[in-house]
Amino acid sequence: MKKPTSAAHIKILPQKTNFIVALPDSSSQTIPSPYLSSLPLVDWHGDLTMFNGFTGTIPSKEFANVNWPIIVQTIKPDEVKCIIDKNRGEYFIPCLLKDAPLVGNTLAAAKASGRESIGKMRSKNHVTKANMLVIDIDGLSQDFVISISNKLKSEGITSLVFTTFSNGNPVKPGFRARLITPLDRALDVDEYRAAWIGFDTVYCDGEAGKADLSGSNLYQQQGTWCCHVDRKEHASFWLNESGVACANT
């Protein structure tokens, strides 16, 4: 396996953050795992493309070949962002985009404004490859989510878990969170879906996909750490940094 280069290319604008933290109670001991790669986390690099708003398709900024700490800081900043409407949040996909013909409303908007009809947008035909998985967890128990994190920790696999905007909403029962784990190689859109389903089967007993399978699409936008202004006490995260998951297992 070829290691990623250490060079990093970043396009970023400053952002404000808020801070709340909750850590799971775990005394689990690391055990050998067939899902653990030999790639050290310190040598891992990944990509992010950011979007403004839930329906945004045009990238607002890009992070290319950046290390894990930058990934974490970008999608789970020091302080949770409190908003009224999740449509006003910041979103991401775990890969870069390529130039290709624009489609749908994005194409119509480009034509109306006299812009080029070829460019970058969030769609299946524009995504490249991702070397981290983003798992949406909706409606499961918090204890179950913590058990997933602890299992990954026990196997020496890095994971970041943070609550989503809907967590604590009385009309949406259960714990609602997002789990991110780095992989040792980049996956295209079809490989990503297969790996997502495989991860869900092994670590989530298939429950994540039962609740919402749309997250298995590489081009599906994912919200950064945020909460409703009235539910700040429900915002939490936990981070375990150890090894990198193997994408070929």
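We count residues from 1, following the sequence as given.
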Fellow cluster residues of V103, listed by chain then number, with links counted only when side-chain atoms sit under 4.5 Å apart: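 Members other than V103 - counting any ILVMFWY side chain reachable under 4.5 Å - are I58, L102, L107, M121.
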Is L96 isolated, or which residues cluster with it under the ILVMFWY side-chain rule of less than 4.5 Å, directly or via members? none
Do [X] and [Y] have side-chain heavy atoms sitting under 4.5 Å apart?
X	Y	result
Q142	F144	no
Q220	K124	no
I75	L48	yes
W44	L39	yes
L218	P94	yes
L179	L133	no
K153	E155	no

Under a 3.5 Å distance rule, please check whether [X] uses its side chain to pair with a backbone N or O of [Y] as donor and acceptor.
X	Y	result
S149	I146	no
W196	G215	yes
H228	C82	no
N131	D184	no
N67	I70	yes
T128	C95	no
N240	I157	yes
T163	A177	no
W225	T164	no

R115, CZ: over 12 other non-hydrogen atoms inside 6.0 angstrom: yes
Should [X] and [Y] be counted in the same cluster of Ile, Leu, Val, Met, Phe, Trp and Tyr side chains packed under 4.5 Å apart?
X	Y	answer
Y219	I118	no
F92	I83	no
F165	V161	no

Which heavy-atom pair separates E90 from S60 by the least distance, and what is that distance?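 Nearest pair, atom of E90 first, then S60: OE2-OG, 4.5 Å.
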Closest contact, heavy atoms only, R122 versus I93: CD-CG2, 4.0 Å
List the atom pairs, donor and acceptor, that lie under 3.5 Å between side-chain atoms in residues 50-57 and the rest of the protein, sequence neighbours left out.
| residue | atom | partner | partner atom | Å |
| --- | --- | --- | --- | --- |
| T57 | OG1 | T106 | OG1 | 2.7 |

Using the side-chain hydrogen bond (donor to acceptor under 3.5 Å, both in side chains) criterion, which residues pair with [X]? Sequence neighbours excluded.
X	value
R193	S216, N217
D205	none
D136	R178
E191	R185

Taking ring-ring contact (aromatic ring centres under 6.0 Å, His included) as the test, write out the residues that go with F199, two or more places apart.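 Testing F199 for ring-ring contact (aromatic ring centres under 6.0 Å, His included), a comparison that skips the adjacent residues, returns Y203.
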Only counting residues at least two apart or in another chain, list the ones meeting side-chain contact (heavy atoms from CB on, under 4.5 Å) with D190.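 If we apply the side-chain contact (heavy atoms from CB on, under 4.5 Å) test to D190, skipping adjacent residues, the hits are D188.
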Distance (rounded to the nearest 0.5 Å) between [X] [atom1] and [Y] [atom2]:
X	Y	atom1	atom2	value
M132	S159	CE	OG	14.0 Å
L97	D47	CG	CG	10.0 Å
C226	R231	SG	CZ	9.5 Å
I84	K86	CD1	NZ	15.5 Å
C227	N167	SG	CG	9.5 Å

Worked check of side chain to side chain contact (heavy atoms under 4.5 Å, CB included) between F162 and I180: CA-CA 9 Å; F162 58 85; I180 297 90; 3.4 Å; yes
Please walk me through it: do L187 and K129 pass side chain to side chain contact (heavy atoms under 4.5 Å, CB included)? CA-CA 5 Å; L187 308 177; K129 293 184 177 183; 5.8 Å; no
Holding to salt bridge (Lys or Arg N to Asp or Glu O under 4.0 Å), I want the full list of residues that pass it with R176, two or more places apart in sequence or in another chain. D138
Salt bridge (Lys or Arg N to Asp or Glu O under 4.0 Å) against K210, all qualifying residues, sequence neighbours excluded: E207
Could you walk me through whether V134 and Y192 pass side chain to side chain contact (heavy atoms under 4.5 Å, CB included), step by step? CA-CA 10 Å; V134 184; Y192 184 89; 3.8 Å; yes
Here's one to test your reading of the geometry: is the NZ or CZ of K76 within 45 degrees of the ring axis of F237 and under 6.0 Å from its centre? yes
Under a 3.5 Å cutoff, is there a donor and acceptor pairing between the side chains of N125 and S123?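 Note: N125 and S123 side chains miss the donor-acceptor criterion.
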Which salt bridge (Lys or Arg N to Asp or Glu O under 4.0 Å) pairs, counting each pair once, include a residue from residues 105-114, with sequence neighbours left out? none
Walk me through it: do W68 and T158 pass the test side-chain hydrogen bond (donor to acceptor under 3.5 Å, both in side chains)? CA-CA 10 Å; W68 176 249; T158 296; 5.4 Å; no
May I have the step-by-step check of side chain to side chain contact (heavy atoms under 4.5 Å, CB included) for D200 and I135, ending in yes or no? CA-CA 8 Å; D200 179 32; I135 310 292; 5.6 Å; no
For the pair D143 and S141, evaluate side-chain hydrogen bond (donor to acceptor under 3.5 Å, both in side chains) and give the outcome as yes or no after the intermediate values. CA-CA 5 Å; D143 287 344; S141 72; 5.5 Å; no
